[in-house]
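Order of listing sets the numbers, starting from 1, for every ligand and every atom in it. Below, all heavy atoms of this structure are taken into account, side chains as well, without hydrogens, waters or symmetry copies. From a predicted model like this one, the values you see are computed outputs, not experimental measurements.
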Amino acid sequence: MTFMIYGAYGYTGRLVAEQAVAEGDAPLLAGRRAEPLRRLADEFGLPWRVASLEDSAGLRSALEEVEAVIHCAGPFSRTSRPMLDACLATGRHYLDITGEVDVFEAVRARDAEARAAGVVLLPGAGFDVVPSDCLAAALAERLPGADALELAFATEGGGLSPGTTKTALEGLPRGGLVRRNGRLEHRPPAHRTRLVPFSDRPRRCAAIPWGDVSTAYQSTEIPNITVYTALPGPALALVRLAHLARGLLARPSAQALGRRAVEALVRGPGPEARRRARTHLWGRVSVSDGASLEGTLDVPEGYSFTARAALACAERILAGEVPPGATTPSLAFGADFVLALPDVTRRIPR
Ligand SMILES: NC(=O)c1ccc[n+]([C@@H]2O[C@H](COP(=O)([O-])OP(=O)(O)OC[C@H]3O[C@@H](n4cnc5c(N)ncnc54)[C@H](OP(=O)(O)O)[C@@H]3O)[C@@H](O)[C@H]2O)c1
């Protein structure tokens with residue numbers, strides 16, 4: 001397998017590198033800083049290459065050494081575009097682990113270019129959105145004509161990585177997002193709550209602006225989509241409070257301060273926390289005449305899952321299984337793809 005992990009010395013990039021080595025792969029490690037790259041490459045005995053996203057010639061020359069990139073350097077609002085440009089220019093496949101709606105929409109807008117270049121674009125090859133996208137597709141296949149989709153997830157244990165926290169901080173002032181009649185519409189954050197019957201127990205969940213409002217629409221063409229996550233009462237109050245202060249939170253100085261705080265304080269879950277944690281997903285499709293179908297999916301902890309899923313996606317793309325263009329996990333590999341990953345259980349009544 002010949003691919004690059006960009007952002008390899010970040011929290012998730014390192015997990016992807018570690019998992020790749022465990023699976024017998026030898027990816028090229030890349031990122032913008034030499035010292036942490038060199039250390040990581042020495043630890044794993046892998047080749048490495050410094051390439052800044054701002055140096056398009058350098059980035060293209062690094063990509064020429066591989067056939068695909070797993071882009072792990074986020075927030076992707078800042079990093080996706082230059083990598084996409086370089087992949088399209090060099091004819092290399094692009095995978096990332098974003099969950100950001102704007103990034104999904106921007107990647108999808110380049111579908112025609114990707115087809116012309118013979119390149120596969122697969123954003124969301126991690127926990128966002130592999131399991132939820134596959135669950136959405138499996139439900140939609142079983143209830144043709146569904147016009148509404150609800151998805152929810154809840155993590156038991158674990159924690160957030162530095163990059164996820166920074167990405168959430170960046171998205172907080174923007175509020176909520178849903179898909180209505182085929183269009184993305186803004187809502188206040190947590191504008192809707194509901195009790196979700198996950199496989200282990202029900203949990204109170206609140207609506208969030210998750211990537212599936214973009215990707216599940218592409219995968220299923222269901223025009224009304226809401227995504228929820230389990231939020232305990234205090235977290236829900238905090239999210240609503242943050243919305244009241246969104247003007248302040250959106251200021252560049254507040255964002256910079258927040259990023260520095262994250263860098264100083266957030267380390268991400270360690271191996272033991274990842275091993276113990278578990279993630280539960282639930283989905284429901286319905287037709288306006290009243291028919292509906294629900295299902296659940298249980299997967300390992302999100303960051304460990306991300307490493308495995310991104311590698312499995314890259315492996316299949318490199319095997320030539322996916323036609324060029326901007327795609328989603330379920331469109332690329334089928335709704336059952338998630339079941340091929342370790343420790344995944346799906347329950348759908350029919
Ligand atoms: N899909 C999923 O389920 C999933 C799972 C995990 C993470 N994520 C997303 O992945 C991203 C990374 O998360 P993380 O926790 O791994 O982050 P992290 O530990 O902060 O690492 C981020 C990495 O990206 C690099 N980077 C950031 N901005 C860059 C830029 N402009 N140019 C070049 N390199 C840049 C950083 O390099 P420097 O140290 O040099 O800045 C670092 O190597 C986040 O957006 C997160 O939300 C998604």
Exercise for the section: Name the closest protein heavy atom to atom 25 (C) of ligand 1, giving the residue it belongs to and the distance to 0.1 Å. Expected result: A73 CB, 3.6 Å
Practice task
Could you see which bit of C72 sits under 4.0 Å from ligand 1, with heavy atoms only: side chain, backbone, both or neither?
Solution key: backbone
Exercise for the section: Output yes when E100 and R78 qualify as a salt bridge under the 4.0 Å nitrogen-oxygen rule, no when they do not. Expected result: no
Problem - R32, E263, R78, E170: member with heavy atom nearest to atom 31 (N) of ligand 1 - result: R32
Handout entry: P75 near ligand 1 by a heavy-atom separation under 4.0 Å
Key = yes
Problem - Min heavy-atom dist Y6 to ligand 1 below 4.0 Å - result: yes
Handout entry: Nearest neighbour of atom 32 (N) of ligand 1 from the list L15, D96, L53, on a heavy-atom basis
Key = L53
Exercise for the section: Determine, using the 4.5 Å side-chain heavy-atom cutoff (strictly less than), whether L135 and F198 are members of one ILVMFWY cluster. Expected result: no
Fill in the blank from the handout: Quick note on ligand 1: atoms under 4.0 Å from a heavy atom of F127 include exactly 1 (N), 2 (C), 3 (O)
Handout entry: Atoms of ligand 1 close to T306 [distance to a heavy atom under 4.0 angstrom, numbered from 1]
Key = 2 (C), 3 (O), 5 (C)
Exercise for the section: Indicate, as side chain, backbone, both or neither, the part of T79 found under 4.0 angstrom from ligand 1 when only non-hydrogen atoms are considered. Expected result: side chain
Exercise for the section: Counting heavy atoms only, name the option from D128, V262, V130, T98 that's nearest to atom 3 (O) of ligand 1. Expected result: D128
Problem - F3-H93 aromatic ring centre distance below 6.0 Å - result: no
